[in-house]
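A short worksheet on the structure shown next.
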There are 2 protein chains.
Amino acid sequence: MAAPEGMFVLEGRPTAQLIADQLRELIVQGVFIPGQQVNESALASQLNTSRGPLREALQRLCQEGILVSKRNRGVFVLELSTEDVREIYAVREAVELAAANSLLDSGPEQVTDTCRELKGIIRNMAKQVAVSDWQAIARLDMQFHTAFVSGTGNTRLIRIYETLAAESRMCILSLEVAYPRIDVLVQEHQTILDLLEARDRSGLQQAIKRHMQKAVEDLTSSPEATGITA
Amino acid sequence: MAAPEGMFVLEGRPTAQLIADQLRELIVQGVFIPGQQVNESALASQLNTSRGPLREALQRLCQEGILVSKRNRGVFVLELSTEDVREIYAVREAVELAAANSLLDSGPEQVTDTCRELKGIIRNMAKQVAVSDWQAIARLDMQFHTAFVSGTGNTRLIRIYETLAAESRMCILSLEVAYPRIDVLVQEHQTILDLLEARDRSGLQQAIKRHMQKAVEDLTSSPEATGITA
DNA sequence: TAAATGTAGATTGTCAACAATACGCGATTC
DNA sequence: GAATCGCGTATTGTTGACAATCTACATTTA
């Protein structure tokens with residue numbers, strides 16, 4: 001039976017996941033700064049829950065890699081090194097290249113569906129660029145790439161990429177307002193979309209590689225970047 | 001100061017991880033069969049611990065994907081579909097291709113170090129093939145590929161691959177004694193090693209793609225495979 | 001004064017009891 | 001006879017208290 005209009009299934013999701021999602025968002029938005037300790041008891045009472053579920057959420061984020069746990073010391077927000085940035089973007093490149101191939105190997109309607117979604121994101125991105133809302137731009141940036149990978153329908157690839165997306169947003173966050181090359185940002189994503197639509201495999205692969213390479217350069221070359229240690 | 005001879009640092013590892021590692025091994029060895037429920041309380045008392053740490057371990061394995069949790073029902077051992085098999089090997093291919101490129105782009109000593117390790121594994125594999133120890137062969141098979149990826153030193157890539165390795169062993173396990181093409185198994189890995197040593201990038205890429213493609217064919221084409229649902 | 005040692009505080013790790021939830025089965029009703 | 005309703009049971013979800021461990025600081029001693 002289809003759900004009647006105006007009704008919604010009440011969130012039967014586990015509490016721990018709700019907490020984890022909330023915390024992840026706070027971290028990638030920079031409310032929790034890298035290196036900062038996250039206190040179990042304190043947070044638990046703030047969120048009006050007990051340590052059990054909260055602990056579970058923290059563990060989840062530890063496994064995702066945006067928190068690090070030190071035995072008997074506590075959990076801390078990940079501090080990114082330039083090496084971390086290189087690692088993250090190397091894996092992102094691998095995943096996106098695989099996604100590109102998978103998409104081009106799949107049916108045409110899968111490609112067009114994905115393109116339609118990507119177009120909408122680019123449109124929003126252009127809007128936010130106009131008003132220079134950096135948080136929103138960073139979010140849309142990752143939303144674009146996540147949608148790209150989601151197009152494959154490969155749940156494992158998607159799950160992996162979601163983790164990378166969170167880490168990437170932490171990288172971008174470190175640059176704060178210094179999001180570089182703002183003018184070409186929309187253009188680069190548009191290029192990727194165009195090449196996908198044209199089903200130009202090698203062109204798409206090259207574009208993805210360039211995109212990642214440039215991002216690493218931007219993120220590692222800026223010495224004033226806060227929160228990224230050499 | 002260097003640790004005195006005969007001394008060892010006592011394992012300060014978290015209990016949950018010890019449990020998780022142990023359970024993972026039991027699952028990939030087929031002690032827990034796919035679809036089977038894993039009872040928290042029962043296992044906790046069997047392992048002489050409480051539900052807290054055990055629950056944490058289960059959650060970890062859920063996130064890795066070899067257990068699935070149904071809200072208020074319990075956790076169950078993952079049942080693999082042919083679609084899962086395709087997904088797993090698609091991601092493995094992506095990761096190994098990235099690892100190959102990373103290795104070839106890195107210093108020569110990194111390649112030679114990796115090759116030395118891979119050689120040892122192949123030697124062991126040949127031994128086990130002689131006595132037809134399937135469990136050991138499956139373990140060495142994944143050990144080979146894990147070592148290959150570990151050679152890159154990319155901690156994120158490695159972590160991702162370890163999860164895939166566990167899932168792959170579950171795939172192979174489903175075939176049980178019917179590990180196909182046993183004669184060419186050592187040969188295929190030897191080929192990959194040779195191409196890596198020769199630094200033949202495109203040859204290596206092709207070999208990896210073939211290796212994965214064949215594996216998927218073997219795993220999905222056998223209808224008598226236990227535990228893999230269509 | 002500097003090194004070593006003991007102690008206090010805070011934080012995580014572990015545990016056992018309690019509450020909430022979903023499923024299966026039998027009774028009931030149309 | 002078939003569908004529905006309600007109850008019992010098994011299992012997970014949650015909670016607060018207790019134990020173990022680590023860091024930092026004060027104290028002692030050569």
Side-chain angles (χ1 to χ4, degrees), chain A residues 1 3-4 7-23 26-27 32-79, chain B residues 1 3-4 7-23 26-27 32-79:
Chain A
M1 140 177 102
M7 291 198 74
F8 56 92
V9 289
L10 28 79
E11 294 278 4
R13 295 201 314 180
T15 312
Q17 183 155 348
L18 291 174
I19 301 173
D21 292 342
Q22 199 175 339
L23 279 181
L26 289 175
I27 290 170
F32 290 88
I33 60 179
Q36 178 181 346
Q37 182 164 9
V38 180
N39 189 301
E40 283 187 11
S41 327
L43 249 183
S45 46
Q46 280 177 38
L47 296 178
N48 202 36
T49 181
S50 75
R51 276 183 57 210
L54 187 119
R55 193 181 163 74
E56 216 161 289
L58 291 184
Q59 198 216 337
R60 195 171 291 216
L61 296 179
C62 283
Q63 208 162 346
E64 286 183 15
I66 65 178
L67 292 180
V68 288
S69 168
K70 298 181 184 173
R71 165 114 173 160
N72 285 317
R73 290 298 313 287
V75 301
F76 303 81
V77 180
L78 177 68
E79 289 184 281
Chain B
M1 118 180 116
M7 292 198 76
F8 56 92
V9 289
L10 27 76
E11 293 276 6
R13 295 203 314 182
T15 312
Q17 181 154 351
L18 291 174
I19 300 173
D21 292 342
Q22 200 176 337
L23 280 181
L26 290 175
I27 291 169
F32 291 88
I33 61 178
Q36 180 181 345
Q37 181 163 11
V38 179
N39 188 301
E40 283 187 12
S41 326
L43 249 182
S45 44
Q46 279 177 37
L47 296 177
N48 204 36
T49 182
S50 76
R51 278 181 57 207
L54 186 118
R55 193 181 163 74
E56 212 162 301
L58 290 185
Q59 198 216 337
R60 196 171 292 216
L61 295 179
C62 284
Q63 210 162 344
E64 287 184 13
I66 64 178
L67 291 181
V68 288
S69 169
K70 298 180 184 174
R71 164 115 175 163
N72 285 317
R73 290 298 315 284
V75 300
F76 303 81
V77 180
L78 176 67
E79 288 184 282

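First the proteins, then the strands, lettered A, B, ... as listed; each starts at 1. Hydrogens, waters and symmetry mates play no part in the numbers below; they use all other heavy atoms, side chains included.
- The separation between A:Arg60 atom CZ and D:dG13 atom C1' is 13 Å, rounded to whole Å.
- The side chain of B:Arg55 lies closest to D:dG13, out of D:dG13, C:dA22, C:dT14.
- Here the CD-CD distance, from A:Glu56 to B:Glu56, works out to 8.0 Å after rounding to the nearest 0.5 Å.
- When rounded to the nearest whole Å, the span between CG of A:Leu58 and P of C:dG13 equals 10 Å.
- In the region residues 43-54 of chain B, proximity to DNA chain D at under 4.0 angstrom, judged on heavy atoms, holds for B:Arg51.
- Using a 4.5 Å heavy-atom threshold, the side chains of B:Ile33 and B:Val77 count as separate.
- The interatomic distance linking A:Gln37 (CD) with D:dC22 (P) rounds to 15 Å, in whole Å.
- Using a 3.5 Å distance cut-off with no hydrogens or angles, the side chains of B:Gln37 and B:Arg73 do not pair a donor with an acceptor.
- Pairing each heavy atom of A:Ala57 with each of A:Ala20, the nearest pair is CB-N, 3.7 Å.
- The separation between B:Arg71 atom CZ and C:dA20 atom P is 13 Å, rounded to whole Å.
- For B:Arg73, the listed nucleotide lying nearest its side chain is C:dC23; candidates were D:dT12, C:dT14, C:dC23.
- In this structure, the separation between CD1 on B:Ile19 and CG on B:Leu54 is 5.0 Å, given to the nearest 0.5 Å.
- Rounded to whole Å, atom C1' of C:dA10 lies 16 Å from atom NZ of A:Lys70.
- Checking C:dT12, D:dT12, C:dC23 against the side-chain heavy atoms of A:Asn39 singles out C:dT12 as nearest.
- Of all heavy-atom pairs between B:Glu79 and B:Pro34, the closest is CG-C, 3.7 Å.
- Atom CD in A:Gln17 sits about 16 Å away from atom C1' in D:dT12, given to the nearest Å.
- Residue A:Glu40 contributes atom CD, which lies 6 Å from atom P of C:dG13 at whole-angstrom precision.
- Rounded to an integer number of Å, the gap from CG of A:Leu67 to C1' of C:dT12 is 15 Å.
- Rounding to the nearest 0.5 angstrom, the gap separating the CD atom in A:Gln63 from the OG atom in A:Ser69 is 11.5 Å.
- In the set C:dC23, D:dC22, D:dT12, D:dT12 carries the atom at the smallest distance from any side-chain atom of B:Asn72.
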